[in-house]
There are 2 protein chains.
Amino acid sequence: MQPLSQPTPPDFEARARILKALAHASRLLMVDELSRGERCVCELRELVGHDLSTVSKHLSVLKAAGIVEDDKRGKQVYYRLKVPCVLNFFHCLEGVLAGRK
Amino acid sequence: MQPLSQPTPPDFEARARILKALAHASRLLMVDELSRGERCVCELRELVGHDLSTVSKHLSVLKAAGIVEDDKRGKQVYYRLKVPCVLNFFHCLEGVLAGRK
DNA sequence: TCCACGCTTGGCCTTATAGCCAAGCATAAA
DNA sequence: TTTATGCTTGGCTATAAGGCCAAGCGTGGA
């Protein structure tokens, strides 16, 4: 899976990593939910309806990408959106969808 | 790889598909280039420095997602950005990058 | 102190992605 | 009509991603 040459500029690699983190329906669903306030993992789990371990891994992907941050309070871990601007992009996405009709 | 329940709303699936199409350094590089005008496959090939077949497949991913459109003129196939608003998002991405420091 | 709860991590399996090469196909030039 | 050019497609291999289960770990309540 290695290219034969010509590294793509690091900028694009970095951007791609962020987009990749967002590029999953469950993760988008959680980001959307987090746009309305912080949530604990168990709430997100209920939202996406997958195994807790799966949800936790999705969250760690978002966290590693710098999109969310977490914070442990008592027994629960709360996640919140670190970068609200991702939401703006969704309007653009709708445009793409509409354009394809 | 199938969930055990609860389908995520179709909206999120659709959005995720678009993000996934963008979530690759070579494809971002090409989108960036196309933001400055249409290009033939051979120009994009030179830009990303991969095998022609690889570039062609990347373009078909972008096309299937509705992000670019193509048009054959003579022996060449020209691609252009169908959805310029994707570029706006890049500013947001920079923000994420900066925020992670 | 010990158990229960909430979450994360490791392991495993299955499927999807990305790369190359080779073959195919369509158009233009010879 | 043949050949060359420009691109796409099929096939293959290697790696990454996404799901579950089971085990681990830390905190709070009994």
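Protein chains get the first letters and strands the later ones, always in sequence-line order, with residue 1 at the start of each. This is a predicted model, so every value here is computed, not measured.
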Take nucleotides 2-7 of chain C nucleotide by nucleotide from the 5' end and write B, S or -, depending on whether a protein heavy atom sits under 4.0 Å from the base, only from the sugar-phosphate, or from neither. ---BSB
Is A:Ser56 reaching over with its side chain to a backbone N or O of A:Ser53, donor-acceptor style, under 3.5 angstrom? no
Would you call B:Lys82 and B:Ile67 a side-chain contact if the rule is heavy atoms closer than 4.5 Å? no
Measuring only between side-chain heavy atoms, which start at C-beta, is A:Leu44 closer than 4.5 Å to A:Val48? no
For C:dC20, take OP1 and OP2 only and decide whether either is under 4.0 Å from a side-chain N or O of B:Thr54. yes
Quick one: B:Asp70 CG to C:dT27 C1', roughly how many Å, whole number? 15 Å
With nearest nucleotide decided by heavy atoms, which residue, A:Gly74 or A:Arg27, maps closer to the 5′ end of DNA chain D? A:Arg27
Axial bend angle, the helix from C:dT1-D:dA30 to C:dA30-D:dT1: five-pair end segments, nearest 10°: 10°
Identify, between A:Ala23 and A:Ser53, the residue whose nearest nucleotide on DNA chain D lies closer to the 5' end. A:Ala23
Within 45° cone and under 6.0 Å: A:Arg73 NZ/CZ vs A:Tyr78 ring: yes
Within residues 18-37 of chain A or reaching into it, pairs that qualify as ring-ring contact (aromatic ring centres under 6.0 Å, His included) - sequence neighbours excluded: A:His24-A:His58
Would you say the side chain of A:Val55 lies within less than 4.5 Å of the side chain of A:Met30, judging by non-hydrogen atoms? yes
Taking only side-chain N and O atoms of B:His24, does any of them lie within less than 4.0 angstrom of OP1 or OP2 on C:dG19? yes
Rounded to the nearest angstrom, tell me the gap between atom CG in B:Leu59 and atom P in C:dA18. 13 Å
For atom CG of B:Asp51 and atom C1' of D:dC7, their distance in whole Å: 11 Å
Could you tell me how far apart B:Lys57 (NZ) and C:dG24 (P) are, to the nearest whole angstrom? 15 Å
Starting at atom CG of A:Asp71, determine the distance to atom C1' of D:dG26, rounded to an integer number of angstrom. 15 Å
Rounded to whole Å, please give me the gap between CE in B:Met30 and P in D:dC7. 13 Å
Are B:Arg45 and D:dG6 close enough that a side-chain N or O sits under 4.0 Å from OP1 or OP2? no
Distance check needed: D:dC7 P versus B:Leu62 CG, whole Å only. 16 Å
Does the side chain of A:Lys20 reach to within under 4.5 Å of the side chain of B:Leu22, using non-hydrogen atoms? no
Is A:Asp51 paired with A:Arg45 through a side-chain N to carboxylate O contact shorter than 4.0 Å? no
Using only side-chain N and O atoms of A:His58, determine if any of them is under 4.0 Å from OP1 or OP2 of D:dA17. no
From CG (B:Asp70) to CD (B:Gln76), nearest 0.5 Å: 13.5 Å
Take the protein atom CZ of B:Arg17 and the nucleotide atom C1' of C:dT17, then report the distance between them rounded to whole Å. 17 Å
Out of D:dC20, C:dA22, C:dT17, which has the shortest distance to the side chain of B:Lys20? C:dT17
Using a strict 4.0 Å threshold on nitrogen-to-oxygen distance, state whether B:Lys63 and B:Glu69 make a salt bridge. no
